[in-house]
Undergrad: 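There's a structure below that I have some questions on.
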Amino acid sequence: TCNFFIGAGLILGIEELSPGTFDFKETIPNFVKALYFIIITSTTIGFGDITPSNIYGRIFTILTLFFIAFIFIIKLIRVKILKRLINFHS
């Protein structure tokens, strides 16, 4: 959950400070909308109502999704290992 806040702060900063921002005020204008964007994107719902407005925001979003997928795979592997250990000791 803390990662959502970090991600929201990063996407907000990237969108605000990057050159080539077309219409920042209509995409991710504040931290609450940035947090909303990160949560909706990371849960793969992706409504499309808020989108990054420049290439840096899009690259960050892609990297964030890869990171979240990696964490999800690690957690699945941990569950499988724990299941094997429980079955081994039973």
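Residues take their numbers from the sequence shown, with the count starting at 1.
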Undergrad: Please report the shortest heavy-atom distance between A8 and F31, naming the atom on each side.
TA: CB-CE1, 3.7 Å
Undergrad: Atom NZ in K75, atom CD1 in I71: separation rounded to 0.5 Å?
TA: 7.0 Å
Undergrad: Looking at L65, I68, I11, which one forms a side-chain contact (heavy atoms from CB on, under 4.5 Å) with T41?
TA: L65
Undergrad: For the atom pair OG1 (T64) and CD1 (I6), what is the distance rounded to the nearest 0.5 Å?
TA: 11.0 Å
Undergrad: Atom CG of L10 and atom OH of Y56: how far apart are they, to the nearest 0.5 Å?
TA: 16.0 Å
Undergrad: With I81, which residues qualify under side-chain contact (heavy atoms from CB on, under 4.5 Å), at least two apart?
TA: I77, L85
Undergrad: Do N30 and Y36 have side-chain heavy atoms sitting under 4.5 Å apart?
TA: no
Undergrad: When hydrophobic residues are tied together by side-chain contacts of less than 4.5 Å, even through go-betweens, does I39 share a cluster with F67?
TA: no
Undergrad: Which atoms form the tightest heavy-atom contact between F4 and L35, and what is the distance?
TA: O-CD1, 3.6 Å
Undergrad: In chain order, what residues pass the side-chain contact (heavy atoms from CB on, under 4.5 Å) check against L63, with sequence neighbours excluded?
TA: I59
Undergrad: Could you pull out the closest heavy-atom pair between L12 and A34, with the gap in Å?
TA: CB-CB, 4.0 Å
Undergrad: Search all heavy atoms of P52 against all heavy atoms of T61 and return the closest pair with its distance.
TA: CG-OG1, 3.5 Å
Undergrad: If the condition is side-chain contact (heavy atoms from CB on, under 4.5 Å), which residues does I62 pass it with, not counting sequence neighbours?
TA: F66
